[in-house]
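Below, chain A is the first sequence line, B the second, and so on; all start at residue 1.
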Amino acid sequence: MSLDNKLTIKTLELLSDFYEQAIDANLIQFQKTRKDFEGDITLVVFPLAKIAKKSPPQTGDEIGQLLVDKIDYIGSFNTVQGFLNLVITDQYWLEELKEIETVDNYGIQPRTEQKLMVEYSSPNTNKPLHLGHLRNNFLGHSVARILEANGHEVIKTQIINDRGIHICKSMLAWQRFGNGETPENSGIKGDKLVGKYYVKFDQALKEETEVVLAKWGQGEFDVENEVMAEYQRLSLAATEKEDAKSRKGILDKIKKLANNSTPIMKDVKEMLVKWEAKEPEVYELWEKMNGWVYEGFNKTYEAMGVHFDKLYYESDTYLKGKKLVEQGLKDNVFFQKEDQSVWIDLTDEGLDEKLVLRGDGTAVYVTQDMGTAQQRMEDFPGLSGIVYTVGNEQDYHFNVLFKILQKLGYKWAENCFHLSYGMIDLRNDKGEVGKMKSREGTVVDADDLVKEVVKMAQEMTEERGHIEGMTEEEKNKLYQMIGLGGLKYYLLKVDPTKRMTFNPDESVELNGNTGPFIQYVYARISSLLRSAGNFSAQNIAEVDGLIDVEKELVKKLVEYPQIVIQAGEDHSPAIIANYIYDLGKNFNSLWQNVSVLKEENQAKREMRLILSKNVAKVIKSGMYLLGIDVPERM
RNA sequence: GGUCGCGUAGCUCAGCUGGAUAGAGCAUCUGCCUUCUAAGCAGACGGUCCUAGGUUCGAAUCCUAGCGCGAUCACCA
């Protein structure tokens, strides 16, 4: 039990007795003592002053005396204003250290009954992975490990968006402009090659859209009457609007209308229908191109060091979604419009009407998500919930999805959680911050970044020169570990829910609050332990006093289990990251200020070795939770 | 326009379930390698916690309004 909890229970008991009345547990508020004051833990006495019927300082003194008298590990106290600072004895901390030393899986929580699925990555198969996917993957992978450390059984998964109109776009463009280009004959990585044709489609679409708009402008309409009417309505509205913003909104709508009226767009839609009908020509092309993509993705995942227990493909689950729509239609959860499209009315939930099946009978995004969720529940009986690692731009979508699942009557929908993380912004040469834009060529490619980061790690490590005697293979492994560790840490140390600004220089930085800084602490301790000889925790209790840095370190170690729990509850690797950084910093302070091996007092020397060993143990454990490896030497 | 989110040092971020004089890193400047790995340590400089009200013993933290930024409101995913 933590000191905080222990003290709260004891104090509650003592105070109830002392003041002869029942005391609300919420009035007992312990917090860490601020550095500027003497003490380890502080009781906030303001809430208790009323009960004592004395001023806060008097109350503090009164309670402080009581606690010192009754609790043996409280050595002394001081009251500053309404804050009662308690000094815990060194013996107590030494016992704690000894305890930590005996636990192998320190910080890891006992098994629970919960079985959770964590979904992350979930890319579209029409473009290569980029920086945003890196944040997604590292986050999901780390959260999976954190949940495991909290005792839950975890299944790591992803849903591969391998079908849909966007895939058909790449396919169509390849058919038209590809001239039989393949990864083999071009040497281009599979996912990159398919991405290339997705871009080609976009260009073609843009050109055709302009043609359509030009025709419309001259009054030539070879489209359905409704489209023409809609265009005329919008054009009129655009001329009436005064402010530029709403004008732009209408112009965007016109553009979209034109977009959808292009021949190429019609062809793509047709292709999707053919695909759903499994027409061999289309289906084979689809299989071929997706095969290229998977080959490319697998290389990227391997380089990133993330993996999955089970893969789902939308092409397998969207039919299940369609069945759910059918059933829901019968049960009056959904309703059908004249054009045969199927909708759900969520206006009573504060949301809108939402399409669940297109008029032509093909599935949309949410259709397949419904099917996927149900499939998962069938595949893993007893699954308690699903964690969806998906960007916060999809907050609305998941809101809708969970509501739909609830309305369909699935109890487990309540345990689905959208791990909604912030977008990554980039800073351009002018210092402006903004999103990655493929059109402006600012998308940071995942493969390129990983390669770059490892290369930088190599250069910087060679400069430092701590690696003589390593084989080439060991060296390469180390560069990989440092580069990737730095990148992962950089992306994970920020609160996942917040958007962040990517700075390429900081992502490869070795100094300060970085992954390599922490890895370095681990390597230092490893080096220390290598030259320490034999030691044990037996004589720790004989140490006659702890210096500040030592005590700080023990206190920090004691916090770890709570940190793991907190990180699990909040789904936040950042909590782990910030904690290990603090721990590492504290250790460096010890390292720089005292010598471990040259300490003459034997008990003290052993205590410091045990302390160091356990700092390393916790660093390794915490870094594992972030998906980062630590080196014995660097 | 509706909904949701964000606004803390020059920059990137902690702190936000209310507690003491708001913390780190980067950048700038000082010191410290004959000593277990200086990828380090010690220190200096740097703040209208967006603004205005409110709640209370106490507000960066909670509430309301305003300003600014972003996301979303697709028969895209």
### Query
Across all strands shown, which nucleotide pairs with B/C32 by Watson-Crick or G-U wobble geometry, both distances under 3.5 Å?
B/G40

### Query
Between A/R427 and A/F502, is NZ or CZ placed under 6.0 angstrom from the six-membered ring centre and within 45° of the ring axis?
no

### Task
Just compare B/C76, B/A20, B/U72 and give me whichever is closest to any side-chain atom of A/E393.
B/U72

### In B/C69, glycosidic geometry as syn within 90° of 0 or anti otherwise
anti

### Query
Under 4.0 angstrom, heavy atoms only, what part of the nucleic acid is A/Q29 near: base, sugar-phosphate, or nothing?
base

### Task
Let me know which of A/F417, A/Y120, A/F402 forms a ring-ring contact (aromatic ring centres under 6.0 Å, His included) with A/Y388.
A/F402

#### Entry: Nucleotide forming a Watson-Crick or wobble pair with B/G46, both distances under 3.5 Å
none

### Query
Checking all strands, does A/Q519 fall into the base, sugar-phosphate, or nothing category for heavy-atom contacts under 4.0 angstrom?
nothing

### Query
When the P atoms of B/U72 and B/G66 are considered, how many whole Å apart are they?
24 Å

### Message
What's the gap between B/A59 and B/G2 when it is taken at their C1' atoms, as a whole Å value?
### Response
31 Å

### Message
Less than 4.5 Å apart, side chain to side chain, heavy atoms only: is that true for A/Y318 and A/E276?
### Response
yes

### Message
Just to be sure I understand the rule, does A/S420 reach a base, reach only the sugar-phosphate, or reach nothing, if contact means heavy atoms closer than 4.0 Å?
### Response
nothing

## Note on the structure
Partner of B/A65 under the Watson-Crick or G-U wobble criteria, both distances under 3.5 Å, comes out as B/U51

#### Entry: N-O pairing of A/D360 and A/R358 below 4.0 Å
no

### Message
Quick check with a 6.0 Å cut-off and a 45 degree axis cone: is A/K337 positioned over the face of A/W343's six-membered ring?
### Response
yes

### Task
Take atom CG of A/L355 and atom P of B/C76, then tell me their distance rounded to the nearest Å.
8 Å

### Task
Specify the separation, in whole Å, of atom CZ of A/F398 and atom C1' of B/U72.
14 Å

#### Entry: Distance, P atom - from B/U8 to B/C13, rounded to whole angstrom
10 Å

## Note on the structure
The residue among A/D629, A/V630, A/I580 that forms side-chain contact (heavy atoms from CB on, under 4.5 Å) with A/Y522 is A/V630

#### Entry: Pairwise C1' distance for B/C16 and B/G1, with rounding to whole Å
31 Å

### Task
Taking only the side-chain heavy atoms of A/K435 (C-beta and beyond), determine which of B/C76, B/A20, B/A71 contains the nearest atom.
B/A71

## Note on the structure
Going 5' to 3' through nucleotides 5-14 of chain B and flagging B where a protein heavy-atom sits under 4.0 Å of the base, S where only the sugar-phosphate is that close, and - otherwise, we get ------SSSS

### G-U wobble or Watson-Crick pairing nucleotide for B/G23 (cut-off 3.5 Å, both distances)
B/C13

### Message
Within the 4.5 Å heavy-atom criterion, are A/I467 and A/K475 side-chain neighbours or not?
### Response
yes

### Query
Please give, in whole Å, the distance from B/U3 P to A/L346 CG?
17 Å

### Task
Compare all side-chain heavy atoms of A/E632 with those of A/R530 and state whether any distance is below 4.5 angstrom.
yes

### Euclidean distance for C1', B/U51 against B/U12 (whole angstrom)
24 Å

### Task
For residues A/N513 and A/Y489, determine if any side-chain heavy atom of one lies less than 4.5 Å from a side-chain heavy atom of the other.
yes

### Summary
Under a 3.5 Å limit on both distances, the Watson-Crick or wobble mate of B/C4 is B/G70

### Query
Given that both distances must come in under 3.5 Å, which nucleotide forms a Watson-Crick or G-U wobble pair with B/G58?
none

## Note on the structure
A/K403 NZ to B/U3 C1', in whole Å, measures 12 Å

### Task
Determine the Euclidean distance between corresponding P atoms of B/C63 and B/C6; express it in Å to zero decimal places.
10 Å

### Task
Compute whether any side-chain donor of one residue and acceptor of the other, for A/D425 and A/T501, lie under 3.5 angstrom apart.
no

### Message
Distance check, P atoms only: B/C67 and B/U28, in whole angstrom units.
### Response
40 Å

### Query
Is A/F46 touching bases, backbone alone, or none of the nucleic acid, heavy atoms closer than 4.0 Å?
base

### Task
State whether the aromatic ring of A/F37 stacks on the base of B/A20, taking stacking to mean ring centres under 5.5 Å apart and ring planes under 30° to each other.
yes

### Query
What does A/E509 touch in the nucleic acid at a heavy-atom separation under 4.0 angstrom: a base, only the sugar-phosphate, or nothing?
nothing

#### Entry: Protein-to-nucleotide contact annotation, 5' to 3' order, nucleotides 29-41 of chain B [B base; S sugar-phosphate only; - none; under 4.0 Å, heavy atom]
------SBBSBBS

### Task
Using the test salt bridge (charged side-chain N to carboxylate O under 4.0 Å, His left out), find all partners of A/K255 that sit at least two apart in sequence or belong to another chain.
none

#### Entry: 5′-ward residue of the pair A/V364/A/Q81 relative to RNA chain B
A/Q81

### Task
Report yes or no: is the ring centroid of A/Y581 under 5.5 Å from the six-membered base ring centroid of B/A24, with the two planes under 30 degrees?
no

### Message
Work out how far the P atom of B/C49 is from that of B/A9, and round it to whole angstrom.
### Response
10 Å

### Task
Could you tell me whether A/R464 and A/E459 have a side-chain N and a carboxylate O separated by less than 4.0 Å?
no

